[in-house]
J.: 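Provided herewith is a single structure, encoded as C-alpha cells, for subsequent inquiry.
Side-chain atoms are counted along with the backbone in the values below, which use heavy atoms only and exclude waters and symmetry mates.
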Amino acid sequence: AAVGGYPSQRSGSGTPTPAMLSFARGRDSAVDDTEQPYVEAGVVEEHATILPSEESDHEDITPVAAVPTPVSATDKGSLIKMESFRSLYSQMPIDQAELVPAGDTGLVWHALILPDNYQDPKHVSDRGELRPRRPMPQARATEFFLSLVRTKDGRWIFGGVLNGWPALTQLEVRSITYKPRGRGMGGVRRYYHAKAGVGGASLGFVPHTNPELAELHASVLAKASVRVTLRAPPWSSLGYSADAPGFVFWYDRSSGGTPKVHHGMHAVRAGEAQAGHVMERVHLFGHRYAKVRESAMDRITYHSAVLVEWSGGREASVVELAWRFGLGGYGGKSNFVEDRDAPRPQLYDAMPACMKAPWRQELSEIRVLDVPCRTRADFEAFLRKYTGRTQRFVDPAITKSAPVRLSLRTPAHLLRYLVNYVRANPAYTMDSRNCQTFAADLFRFLSGTEVEPFSPLMRARYVVRARDFLYEPPPVEG
C-alpha cells in the first residue's frame, strides 16, 4: 500500500501528501483472540511498523519469577515441520544437524528468550503456555537451549519448531544478546557471538547444561531482556524451500479438485500443465482498505495490483507484491479469496509449512491468486460485493486496461517472469519498491503500455524495472 492514489489520476482531484505508508490489519484465525490478543480483526496485506534496530527490539520484559526450573533434555527423535500451532523443543539427531548447511547468506531471525517461570499474561496463556506464533518469536530459556545440538564444526543448531511457526526450524544460533533494564544501564551487550573472535573463534558460550542455565537466569534473565539471533540455511534467502527458489506463490483454483498452493520454481512447473490457456487482457486496479474509522492517512493510502484475464474460460488471477510471509503469517486471510473470514481459509489450508513464518516487512513476495471471476465485469462485481467500511475495500477502481501483447504468455511463462523479477528485487520499501511500483512494472511489461504508480511521490522516485521480468538471475556462487 502507498500514500496517494488513483482519484487524482482519474479525476484530477486530490493532492496526496508527500509520504508513504504501508499498513496491516490481520488475525490468524486458527488461534482465537484470547491466544493472540496482539492481532486485530481484519486482513493483512502490508504493515506500518518500521523495523527496529538491534537495540530497540530488545523488549523490556520484567520476569514475574526468574527462578529456573532445571529439566533434562527432551527425548531425541526425528523432527518434521508441523502444521499445528504447537512449539517443538526436541534435539534433532546429530547426523541431521550436520546436514544443515553452513553459510552467511540465509535469512536472519530473532527470538525473545524468557525465564522458565515467566507468567505475564501478555505473553502466557491461561494454561501457562507461551502464546504461539508471535511476531517476535518467544521461547523459555531451558526448553530452547537444551534443544540445541552442536555440530562438529562448532555450530549450534535448533531443529525444532520455534514458537509454533512451522517454517522456523533448522536455525543456527549466531548470537545471544541482552539489554539491562532501567535507565542508565547501557545498551545491548553480547553473551555469545559465533565465530566473531580472533581466528574465527566464538566469543562467550551457549548455555547447554542445567548449571549454565541456572547461571543465565540469575545473572542475566533476572536483570535483562534476552534475544537470540538465528540464521536459516543459505537457500532461505532464495525461496521458501531448498528445492524451489523464488519468493512467488500461486493459489491455483483451476487445476481441478481442492485448491493448491505452488511456490517458486514448483509453481512454474505446475503452470506448464495449463499451457492451453494464455493471458489475454490485463487491468491495473487499486483500493483503500476497509476501516470503520478512517484516519486522514488511511484516506490517502492505496493498495495497487494487477488482474490478468485468461483464455478458454479460466478464472482470472490477481497478481500483487506485498510483505514476505504476509499471508502465511496471518492465516491466509487475503481480501481476494471468498472464504477469507472462514476459521481456516482454503488458501491457508493449502499452504505448505515452509510458508508459515512471521511476516518480513523489509522483504517482498509476489502472489498470484486465482479469483472467482473470469472477466473485468466479473471482478468489478466482486469488488462491489465486498466494498464498504465493514467489508474489504473502499473506493476500488480499475484505472487502466489493455490486451496482453507478449508472445509467450502461458501460466508457466507468467510465473517464470515473476520469479525473475522478485529475485532481482527482493526488498520491500515504503518509498521506492512496493505494491504500486510492482503493479506499474507488470502492467508495462504485459501490455507494452506506459503507466506510472498512483502516488505522485512514487512517480517522482519511480525507476522502471520492467526488464527484470525477462532475465534469469545469475547463478548463486557456492
J.: Measure the acute angle between the ring planes of Phe379 and Phe285, then classify it against the limits of 30° and 60° as parallel, tilted or perpendicular.
T.: perpendicular
J.: Using the side chain to side chain contact (heavy atoms under 4.5 Å, CB included) rule, take Gln361 and Tyr428 through it: C-alpha gap first, then chi angles, then the decisive distance, then the call.
T.: CA-CA 7 Å; Gln361 60 200 33; Tyr428 187 102; over 6 Å; no
J.: Might you work through the side-chain hydrogen bond (donor to acceptor under 3.5 Å, both in side chains) test for Tyr289 and Glu294, ending with a clear yes or no?
T.: CA-CA 9 Å; Tyr289 292 101; Glu294 283 189 308; over 6 Å; no
J.: Can a side-chain donor-acceptor contact be found between Ser401 and Arg281 if the only test is distance below 3.5 angstrom?
T.: no
J.: List the atom of Ile366, the atom of Leu418, and the distance in Å for their closest heavy-atom pair.
T.: CD1-O, 3.7 Å
J.: Just do the salt bridge (charged side-chain N to carboxylate O under 4.0 Å, His left out) check on Glu362 and Arg324 with the steps written out, would you?
T.: CA-CA 8 Å; Glu362 83 284 14; Arg324 190 171 302 174; over 6 Å; no
J.: Here's a test for you: under side-chain hydrogen bond (donor to acceptor under 3.5 Å, both in side chains), which of Glu320, His287, Arg288 qualifies with His303?
T.: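 With His303 as partner, side-chain hydrogen bond (donor to acceptor under 3.5 Å, both in side chains) holds for just one option, Glu320.
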J.: So, using side-chain hydrogen bond (donor to acceptor under 3.5 Å, both in side chains) as the criterion, who are the partners of Gln274 when residues are at least two apart?
T.: Asp252, Ser255, Arg314
J.: Are His262 and Trp250 an aromatic pair by the rule of ring centers under 6.0 Å?
T.: yes
J.: Apply the test side chain to side chain contact (heavy atoms under 4.5 Å, CB included) to residues Val404 and Trp310: give CA-CA distance (whole Å), side-chain angles for both, the deciding distance (0.1 Å), then the verdict.
T.: CA-CA 10 Å; Val404 175; Trp310 300 91; over 6 Å; no
J.: Sequence neighbours left out, what passes ring-ring contact (aromatic ring centres under 6.0 Å, His included) with Tyr471? Give chain and number order.
T.: none
J.: Mind listing the closest non-hydrogen atom pair of Leu408 and Tyr417 along with its distance?
T.: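 Closest heavy-atom pair between Leu408 and Tyr417: O-OH, 2.8 Å.
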J.: For the residue pair Phe438 and Tyr421, is the inter-centroid distance of their aromatic rings smaller than 6.0 Å?
T.: yes
J.: Would you say the side chains of Arg433 and Asn425 form a donor-acceptor pair under 3.5 Å?
T.: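 Looking only at side-chain atoms, Asn425 and Arg433 do form a donor-acceptor pair, the distance falling under 3.5 Å.
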J.: Taking all non-hydrogen atoms of both residues into account, name the closest pair between Cys354 and Tyr240 and its distance.
T.: CB-O, 3.3 Å
J.: Are there more than 12 heavy atoms of other residues, nucleotides or ligands under 6.0 Å from atom CZ of Arg467?
T.: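 Incorrect, the count does not exceed 12.
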J.: Would you name the heavy atoms of Val173 and Ile176 that are closest together and state the gap between them?
T.: CG1-CG1, 4.4 Å
J.: Against Ser317, only a single residue in Val368, Leu307, Val306 fulfils side chain to side chain contact (heavy atoms under 4.5 Å, CB included); can you say which?
T.: Val368
J.: Do Leu284 and Phe454 pass the side chain to side chain contact (heavy atoms under 4.5 Å, CB included) test, and can you show the C-alpha distance, the side-chain angles, and the key distance before you say yes or no?
T.: CA-CA 10 Å; Leu284 183 66; Phe454 290 151; 4.1 Å; yes
J.: Would you give the length of the straight line joining atom CZ of Arg253 to atom CG of Leu347, rounded to the nearest 0.5 angstrom?
T.: 10.5 Å
J.: Is the Phe445 to Phe469 ring centre distance short of 6.0 Å?
T.: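 For Phe445 and Phe469, the ring centres are under 6.0 Å apart.
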J.: Is Arg360 positioned over the aromatic face of Trp109, cation under 6.0 angstrom from the ring centre and no more than 45 degrees off axis?
T.: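 The answer is yes; both the distance and angle limits are met.
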